[in-house]
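Right, one structure below, let's go through it.
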Number of protein chains: 2
Amino acid sequence: MASIKDVAAQAGVSVATVSRVLNSHPSVSPGARRRVLAAVEDLGYRPNAVARSLRTDQTRTLGLVISDVLNPYFTALARSVEEEARALGYSVIIGNADERPEQQDHHVRTLLDRRIDGLLVSPADGDSPLLGDVARTGTPMVFVDRWMPGVDVPVVRADGHRAISDLVAHLYALGHRRLAIIAGPAATTTGNERVEAFREAMRAHGLALPDAYIGQGDFQAASGRRATEHFLSLPEPPQIVFAADNLMALGALDAIRARGLRVPEDIGIAAFDDIPWFLHTGPPITAIAQPTGDLGRAAVRALVDIVEGRPPQSVTLPARLVVRSSCGEPALPAPDPRSNV
Amino acid sequence: MASIKDVAAQAGVSVATVSRVLNSHPSVSPGARRRVLAAVEDLGYRPNAVARSLRTDQTRTLGLVISDVLNPYFTALARSVEEEARALGYSVIIGNADERPEQQDHHVRTLLDRRIDGLLVSPADGDSPLLGDVARTGTPMVFVDRWMPGVDVPVVRADGHRAISDLVAHLYALGHRRLAIIAGPAATTTGNERVEAFREAMRAHGLALPDAYIGQGDFQAASGRRATEHFLSLPEPPQIVFAADNLMALGALDAIRARGLRVPEDIGIAAFDDIPWFLHTGPPITAIAQPTGDLGRAAVRALVDIVEGRPPQSVTLPARLVVRSSCGEPALPAPDPRSNV
DNA sequence: ATCATCCGTGTAATCGATTCCACGGCTTGA
DNA sequence: TCAAGCCGTGGAATCGATTACACGGATGAT
């Protein structure tokens, strides 16, 4: 592959001049510029990003470590992150943690070894001292969706309080009183917050959230299935199962089907995170939609702000309730049950 | 961040010795090794992958350009690719083409600029002379899922002939005669093959595939919706709509719902690509499952074979039919309607 | 005892870019 | 006319690693 030396030789100039042309430095004569450009074209020359990065100490690359690529929520997030980054002249390297802290740390380390300019993380369950260390060394870093308390970096996330309170009001209006939740791992912020918001909203309606109605999940489908099976074996099963993410909702649906029960007649389902498939499940699932695209874009902007030396901003955007029919027919159907995720 | 020089100074040796320790070169004295390791630990030193790549001319990184990250089939593929690559000591950088050739080319170029060791591509619709050029320059490259005729690189893919023929037999047995297909873009190999296999299987049952029953899609949900709307407006609509990928099946489901029709009573649906969600749609969708994990792994192995100088192999694995209820109740229900994707 | 060999180590070249500094030629102002 | 300044350019240092080569000392064979 042609190097800058080949171009210089072909154009009859020094490598310094070639570099100047390529970086549009002003002091290059029109003639030299023309000859360099011709040589570049002729040789099909493309600058070696590796060499350039070594010299300039920047890679124009962002790292994104997500908890689970198979989760449509994170895929959607990854897509918007990549788009915004590309618009700002950065590439993105995605690492999939698969909800496993060791794998998350593996990716963080590889990304750091590659000297990415900044890191976007949605931390997995379990504590990882590494992330704290990384933040402390001054590597530009931003949390997206989930964050870690005690690590002082900007956080870009959705706030579900309002939407969860709307959800509980909706369920209450439909006559449901026994509401259960499948929680995410306690160590993730999103896991806790959603339970707390749910409990609070129930209290506002004079309802209690008994421990038996709190299932421990790990954001994966299998855990949703297990938790739901347990709910269904209770002497008094809940009327509604609210899953703290979309995959656990899927597992819940499985468990309910396996028992031969119907949704929503026998038991209702709702989920945090709205994804296109929820329109097509039987029945369509009532969900809380996050502004995924906006979150991804805001996260990239915050990170690039840090990278480029501007003051970054934490961002919190509201999630909103999308009512469908998985908890029973709503009294007043929403004008458009389709989410705009 | 500490460099190899800092480690050398701290350990009281030269950078050469440090490098030898790090690369487990045999001729280093135990004492020196110990001091170097201590210094590495002490400084939290991690080798700079950028510098190393520049010198060794290899990045131990593979590029993967997929057609659409929002398509669960490709996400599953990406996941298995990353896993296998990690097991073999490589990292993966994913580029999302969004079914757009320019965006695909953008990613290919960026990946090449970064001097990835090899490229895994599932080419998008539309011709891209770039890929051919890249292959010709000797960059290690492997096609996965889709390929481009005339570009001489190994192809790792699933063969759907048998499964499609099974599908048509299944539909025929259920009494369906008017079968329609939503094709992928003509320029993609998978697009064409699936239509041809379908046509051939129909002919084997004495059925014709009229042009009106061939919808032109682009592997995106919206095109599946449009094609299905067109089918439904025909004087004699088909009894079954077979979508050449999962997203178009989703679009088809949309269109059918929008007309207030029921699946499978009014019209049946089947899809190429099986994804977890198809178990949960209303009704569960009959689909053709690709051995996605095996495909991803085989593709990585083929690519790494090229990179490391071994002779690579093209691989074709059979897809298989997973019967569910979206085309009517099967006479003999399959023992386990759950796909093992 | 002598010479060849081997082992552990350091010096320095190298990868492909960017960029500081110096230099020669030309313009411009006094 | 001459000094000062500017402009286009090239030489060379530099980023952080790897690795060929050289070298001194110890070991082993004869």
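Computed from a prediction, not measured in an experiment: that's the story for all the values here. Quick note: numbers below take in every heavy atom, side chains included, and nothing from hydrogens, waters or symmetry partners. Throughout, a chain's letter reflects where its sequence line sits, starting with A, and its residues are numbered from 1.
One finds no side-chain N or O of B:R55 lying less than 4.0 angstrom from the OP1 or OP2 phosphate oxygen of C:dT14. For B:T56, no side-chain nitrogen or oxygen approaches OP1 or OP2 of D:dT18 to under 4.0 Å. Between A:T17 and D:dG10 there is a side-chain N or O to OP1 or OP2 distance below 4.0 Å. Side-chain nitrogen and oxygen atoms of B:S3 include none within less than 4.0 Å of the OP1 or OP2 phosphate oxygen of D:dC15. Between B:K5 and the phosphate of D:dA17, there is no side-chain N or O to OP1/OP2 separation shorter than 4.0 Å.
The B:A16 side chain lies nearest to D:dT19 when the options are C:dT18, C:dC20, D:dT19. Set against C:dA17, D:dT18, D:dG10, the side chain of A:A51 has C:dA17 as its closest nucleotide. You'll find that the side chain of A:L54 is closest to D:dC15, out of D:dC21, D:dT18, D:dC15.
Listed for the B:S19 side chain is no donor-acceptor partner under 3.5 Å among the backbone atoms of B:T17. Between the side chain of B:D245 and the main chain of B:L247, a donor-acceptor pair closer than 3.5 Å is present.
We find that CG of A:N48 is positioned 13 Å from C1' of C:dT18, with the value rounded to whole Å. Atom NE2 of B:H25 is separated from atom C1' of D:dA20 by 11 Å (rounded to the nearest Å). Distance, B:I4 CD1 to D:dC15 P: 14 Å, rounded to whole Å. Rounded to whole angstrom, the span from the CZ atom of B:R34 across to the P atom of C:dT9 amounts to 11 Å. Regarding A:Q58, its CD atom lies at a distance of 15 Å from the P atom of D:dG16, rounded to whole Å. Look at CZ on B:R35: it is 12 Å from C1' on C:dG8, rounded to the nearest Å. As rounded to whole Å, 9 Å separates atom C1' of C:dA17 from atom CG of A:N23. Counting to the nearest Å, the P atom of D:dT18 and the CG atom of B:L22 are 7 Å from each other.
Checked for salt-bridge contact, B:D113 and A:R52 miss the test: no charged N lies under 4.0 Å from a carboxylate O. Between A:R100 and A:D125 there is no salt bridge, since no side-chain N of the basic residue sits under 4.0 Å from a carboxylate O of the acidic one. Between B:R86 and A:E102 no salt bridge is recorded (no basic side-chain N to carboxylate O distance below 4.0 Å).
At a cut-off of 3.5 angstrom, the base of C:dG8 holds no donor-acceptor pair with the side chain of B:R33.
Both B:S29 and B:R115 lie close to DNA chain C; mapped to their nearest nucleotides by heavy-atom distance, the more 5′-ward contact belongs to B:S29.
Contacts of A:A32 with the nucleic acid, taken as non-hydrogen atoms under 4.0 Å apart, involve only primed sugar atoms and P, OP1 or OP2. Using a 4.0 Å heavy-atom cutoff across all strands shown, A:V13 reaches sugar-phosphate atoms only and no base atom.
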